[in-house]
Amino acid sequence: MKRGSSEGLQEMLCNILNMAIPMRPNRFPLFQVLLVVALVVSSDFLMAGAKDKPRKCILVFGAHADDVDEIAGGTLARYTAQGYQGIYVCVTNNTAGCNIEKAPGDKWGPKFSVSSSPQMYPVDALETNQIREEECRQAAAVYGAVPVFLNFSEPEILLGRKIVVYGSEEFLKYSPQAKHDVSLATRYGEDINIVVELLQKYQPEIIIIHTLGGEKLDHGNSAYLMYLAFKKAMSKGIAVGKLWMKVDGWFLDDTAQKTGRGKPDVHIDVKKYLKTKYEALNKHLSQNGGFGKNYVAKNKAQAKETIEEFITVIDNTH
Amino acid sequence: MKNSQLIKVIFAAVLICGITPIVNAQSGQGMTKQWGEFGDKPGQLKYPTMIAVDKSSNVYVVDQHNQRIQKFDAEGNFILMWGRLGKGPGEFTYPYGIAIDSKGFVYVADMNNNRVQKFSPRGEYLASIGSYGTQDGQFKYPYGIAVDEKDVLYVIDAFNYRIQTFDSDLKFLAKWGSEESIGFKAYMPHEIAIGRDGNIILSDRQNHRISIFSKEGALVKRFGQYGEGKEAKGGQFSEPHGVAVDSKGDVYVCDRYNFRIQLLTASGEYKEHWMTPGVLDDSKHFPIGIAVGADGSIYVTDHYAHCVQKYAR
């Protein structure tokens with residue numbers, strides 16, 4: 001029968017004791033056992049005290065393909081430039097949100113549209129998924145970060161030019177390839193475990209999420225998903241560092257601001273990294289046509305763009 | 001009324017009620033058969049994409065969301081099927097294109113696995129090529145595929161914006177289609193066919209055009225423009241998808257958001273069109289794949305109606 005590790009350790013300690021304290025066989029068995037138990041307990045305590053440190057790794061947890069750049073692109077660029085491993089996470093499978101101009105009108109092909117152009121039409125779910133994942137990979141490459149796709153299903157998909165919402169017969173029929181629904185993600189342990197495994201793999205020192213209870217359902221759910229996973233990772237002794245969240249949504253309203261709850265405590269100067277951030281943002285051609293926030297072209301940055309601010313949700317480094 | 005007369009009357013009524021609504025006055029083309037419905041049982045389909053017909057008039061359908069290939073006879077009777085979701089040999093993750101070579105071997109663009117797989121006519125796995133990437137023999141989402149008379153395989157490598165060619169053993173031969181070489185960006189073309197003259201016909205979906213290339217990838221001709229709805233003229237397209245060539249060399253095009261099939265000459269002159277079911281219902285119908293049988297019958301897959309339609313010439 002295979003022995004457990006504590007049983008093996010106990011046997012090893014008995015052998016050491018037998019060598020260190022010569023005695024006649026079976027003379028003081030109770031004393032030996034007590035001594036072994038004490039040693040085992042103290043060794044466990046000592047091991048627990050020696051907590052692993054998180055790695056030099058920054059993980060940004062965005063709901064959709066371009067959210068990483070939006071919420072913390074400058075910070076990700078800054079830390080990766082300092083030698084941190086960058087992890088670029090896209091939580092959903094991106095089955096909506098890609099529009100193309102009907103009649104491109106030039107030889108260079110279609111222009112993606114972010115406007116309310118009457119010539120705009122949405123792209124099907126499966127293609128949107130492909131387009132946006134490709135853009136995601138290109139954006140992650142700008143930072144030298146690892147792209148990770150968790151493939152949670154969005155609550156809406158595009159069939160032809162029609163939006164089909166979660167729960168409808170058409171939505172269930174379409175069965176986009178997805179592990180779970182982001183709308184329900186925070187309710188189930190198996191969903192949370194997907195993120196815990198991610199934390200176990202990378203053990204990041206810094207994790208950045210959308211605003212908890214954020215401005216959009218997918219954003220808020222994704223943030224809460226990481227919050228739950230972070231706490232679970234802590235309880236399992238996984239080396240995770242700090243959980244920061246973007247200051248957005250309800251944190252910007254008057255009450256939150258007046259009470260100080262919406263006041264960020266983390267301020268990252270990203271002025272030198274805006275070029276990288278916008279280079280990555282412009283990879284999301286389907287969202288901004290490649291002509292969105294082109295800092296390089298404009299060569300001017302708004303004051304607030306040069307500092308990215310976050311609220312510390314959990315600091316596990318103490 | 002005699003029984004025979006009664007039968008004739010009923011037969012005529014069935015013809016009038018059943019066939020007339022799907023025959024378009026503009027073309028006279030009529031649907032003679034339709035099979036398939038949403039489901040995962042043999043003969044049922046989930047979001048079919050491309051379709052191919054072999055020399056014996058067997059019909060192969062990419063049953064995309066069931067992650068399998070189904071084989072039918074020319075009348076839509078189920079013969080066999082293979083495949084399931086996965087990454088292993090004979091498994092698929094959202095397959096898209098299909099083609100059959102001169103010996104009856106079947107090639108499938110296993111789109112989200114970024115590879116092409118080769119099968120026997122009975123669906124036995126034989127070989128595979130591809131992984132995600134930009135190198136020769138790698139893909140970023142292979143869409144439509146076609147085989148020429150010498151069994152050279154042409155594969156649309158959509159997000160690498162190129163065509164790759166392989167021999168029948170799936171050995172890489174060549175690539176072409178870059179923006180620099182053809183003069184425009186073929187953004188996510190969906191289907192490809194071989195003309196009777198050996199040229200390559202590409203449905204350039206997002207540009208609403210059809211492009212014709214030599215085997216070596218030189219642009220020979222490009223035609224079509226955007227047009228949609230009642231005012232769309234012949235030769236105008238709204239997201240063309242499937243293309244197929246008949247024995248005369250004429251080209252059939254699935255004109256997606258015009259819910260019609262257009263027939264053009266090999267040089268791109270409009271000849272005629274007919275409507276497929278589903279006009280003004282763009283989330284429930286979508287003619288996507290098309291193939292022409294040896295007898296001239298035309299087979300069309302309807303992506304959102306989960307069926308195959310057969311049209312007589």
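Chain A is the first sequence line, chain B the second, and so forth, proteins listed ahead of strands; every chain is numbered from 1.
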Please evaluate residues A/Glu133 and B/Lys140 with respect to the criterion salt bridge (charged side-chain N to carboxylate O under 4.0 Å, His left out), reporting the C-alpha separation (whole Å), side-chain torsions for both, the decisive distance (0.1 Å), and the verdict. CA-CA 11 Å; A/Glu133 276 203 11; B/Lys140 286 187 178 180; over 6 Å; no
4.5 Å side-chain heavy-atom contact, A/Tyr174 and B/Lys46: no
Is chain A contacted by the side chain of B/Tyr96, its backbone, both, or neither, given a heavy-atom distance below 4.5 Å? neither
Would a 4.5 Å heavy-atom cut-off, applied to side chains only, mark B/Met111 and A/Leu126 as touching? yes
Could you check whether atom NZ of B/Lys221 has more than 12 heavy atoms from other residues, nucleotides or ligands sitting under 6.0 Å from it? yes
Are there more than 12 heavy atoms of other residues, nucleotides or ligands under 6.0 Å from atom CZ of B/Phe78? yes
How long is the gap from OH on B/Tyr257 to CZ on A/Arg161, to the nearest 0.5 Å? 5.0 Å
Honestly, the part of B/Gln225 sitting under 4.5 Å from a heavy atom of chain A is neither
Contact check, side chains of A/Glu127 and B/Tyr141, non-hydrogen atoms, under 4.5 Å: no
Note, A/Ile131 side chain near B/Phe159 side chain (heavy atom, < 4.5 Å): yes
Verify the neighbour count for atom CD of A/Glu169: are there more than 12 heavy atoms of other residues, nucleotides or ligands below 6.0 Å? no
Give, as side chain, backbone, both or neither, the part of B/Tyr132 having an atom under 4.5 angstrom from any heavy atom of chain A. side chain
Can you see which heavy atom on B/Tyr304 is nearest to which on A/Leu159, and at what distance? OH-C, 3.5 Å
Test item: side-chain donor near acceptor, A/Gln130 and B/Tyr94, under 3.5 Å: no
Evaluate whether atom CD1 of A/Ile163 has more than 12 neighbouring non-hydrogen atoms of other residues, nucleotides or ligands under 6.0 angstrom away. no
